[in-house]
Enquirer: 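There's a structure below that I have some questions on.
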Amino acid sequence: MRVIDYKSGKAEPKELQVKEAEPDWANVPDKWFQVMLYTWLFHYSKPSNKPHIAGIQPLKNLQQPFMAASWEGSEQLTPEHLAAFEKMLQELIADILNPEIPFIANPGCQSCKYCPFAEICQRTEM
């Protein structure tokens, strides 16, 4: 099974690689996390013991080949990988819901200047 995210923007193969067996959700590339989430959602809507391949097909340059996500050097995403990803999601959600962890905006975010809630948020870096 292949899960493909068609991207209109730039994508690099290194943004789809995770080398650790149990990575920390805060330290994985955004594009890898996104295609893994799509794969996890598909897997749990249509369970299968077969490995999946997930990745990005860039639309900016149609000559560029499909870029597969990899985990521990493998492009074959097994049910074990998806179970580990589910654990990562559970940790992320637990952190989001933890009242002991302050909810703050990303300090390096450039999107704030376009945000309609900037006045409510009262970020000082704008």
Side-chain angles (χ1 to χ4, degrees):
M1 192 61 57
R2 187 179 273 196
V3 177
I4 302 174
D5 182 12
Y6 293 91
K7 288 277 186 215
S8 58
K10 186 178 176 187
E12 299 289 331
K14 68 182 178 186
E15 297 175 292
L16 293 164
Q17 299 172 357
V18 166
K19 295 179 177 153
E20 302 85 15
E22 295 184 25
D24 178 5
W25 65 263
N27 296 319
V28 297
D30 293 344
K31 288 182 175 68
W32 179 89
F33 187 89
Q34 185 176 12
V35 297
M36 286 301 300
L37 179 61
Y38 295 160
T39 306
W40 178 81
L41 289 167
F42 180 79
H43 175 74
Y44 283 98
S45 70
K46 305 276 187 201
S48 170
N49 287 328
K50 295 181 180 179
H52 295 22
I53 295 176
I56 292 175
Q57 178 61 57
L59 295 176
K60 230 176 195 177
N61 179 2
L62 293 175
Q63 304 307 317
Q64 188 172 0
F66 172 78
M67 295 182 292
S70 68
W71 194 337
E72 298 180 278
S74 175
E75 293 178 358
Q76 300 283 319
L77 302 172
T78 64
E80 292 78 21
H81 283 122
L82 297 172
F85 184 75
E86 182 173 347
K87 181 181 172 195
M88 189 186 313
L89 282 175
Q90 290 169 344
E91 291 169 1
L92 169 60
I93 292 167
D95 284 357
I96 290 170
L97 298 176
N98 183 347
E100 300 296 318
I101 299 175
F103 188 79
I104 57 171
N106 179 347
C109 180
Q110 296 297 310
S111 299
C112 293
K113 57 186 164 190
Y114 306 110
C115 179
F117 303 104
E119 288 183 37
I120 297 169
C121 180
Q122 298 180 353
R123 295 271 319 266
T124 58
E125 296 91 41
M126 294 183 294

Enquirer: Quick one: NE2 on His52 to OG1 on Thr78, what's the gap to the nearest 0.5 Å?
Expert: 10.0 Å

Enquirer: In the single-linkage hydrophobic clustering (I, L, V, M, F, W, Y; side-chain heavy atoms under 4.5 Å), do Val18 and Met67 co-cluster?
Expert: no

Enquirer: Show the numbers, then the answer: is there a side chain to side chain contact (heavy atoms under 4.5 Å, CB included) between Lys87 and Glu22?
Expert: CA-CA 9 Å; Lys87 181 181 172 195; Glu22 295 184 25; 3.6 Å; yes

Enquirer: Do Leu77 and Tyr44 belong together in a cluster built from hydrophobic side chains that touch within less than 4.5 Å?
Expert: yes

Enquirer: Does a side-chain heavy-atom distance below 4.5 Å link Ile53 with Gln76?
Expert: yes

Enquirer: Is it true that the side chains of Ser74 and Glu72 contain a donor and an acceptor less than 3.5 Å apart?
Expert: no

Enquirer: Could you give the distance from NZ (Lys19) to CH2 (Trp71), rounded to the nearest 0.5 Å?
Expert: 15.5 Å

Enquirer: Write down the atom of Ser8, the atom of Leu59, and the distance for their closest heavy-atom approach.
Expert: CA-CB, 4.3 Å

Enquirer: Mind checking salt bridge (charged side-chain N to carboxylate O under 4.0 Å, His left out) for Glu12 and listing every partner two or more places apart, or none if nothing turns up?
Expert: Lys10

Enquirer: For Ser48 and Pro79, work out which heavy atoms get closest and say how close.
Expert: O-CG, 3.8 Å

Enquirer: What are the two closest heavy atoms between Pro65 and Gln57, and how far apart are they?
Expert: C-OE1, 4.0 Å

Enquirer: Just by modelled atom types, is the Phe42 backbone N or O under 3.5 Å from a matching donor or acceptor in the Ser45 side chain?
Expert: yes

Enquirer: Any chain of hydrophobic side-chain contacts (each under 4.5 Å) joining Phe85 to Leu92?
Expert: yes

Enquirer: If two hydrophobic side chains count as joined below 4.5 Å and joins carry through other members, does Leu82 share a cluster with Leu89?
Expert: yes

Enquirer: Working to the nearest 0.5 Å, report the span between CZ of Phe66 and CD of Glu75.
Expert: 8.0 Å

Enquirer: Evaluate side chain to side chain contact (heavy atoms under 4.5 Å, CB included) for Val3 paired with Leu41, printing each intermediate quantity in order.
Expert: CA-CA 10 Å; Val3 177; Leu41 289 167; over 6 Å; no

Enquirer: Could you pull out every donor-acceptor pair under 3.5 Å between side chains of residues 24-35 and any protein atom, sequence neighbours left out?
Expert:
| unit_1 | atom_1 | unit_2 | atom_2 | d |
| --- | --- | --- | --- | --- |
| Asp24 | OD1 | Ala26 | N | 3.3 |
| Asp24 | OD2 | Asn27 | ND2 | 3.3 |
| Trp25 | NE1 | Asp95 | OD2 | 3.1 |
| Lys31 | NZ | Glu15 | OE2 | 3.4 |
| Trp32 | NE1 | Ser70 | O | 3.2 |
| Gln34 | OE1 | Lys7 | NZ | 2.8 |
| Gln34 | NE2 | Tyr38 | OH | 2.7 |

Enquirer: Would you say Ile101 and Met88 are hydrophobically clustered, going by side-chain heavy atoms of ILVMFWY under 4.5 Å?
Expert: no

Enquirer: Taking salt bridge (charged side-chain N to carboxylate O under 4.0 Å, His left out) as the test, write out the residues that go with Glu100, two or more places apart.
Expert: none

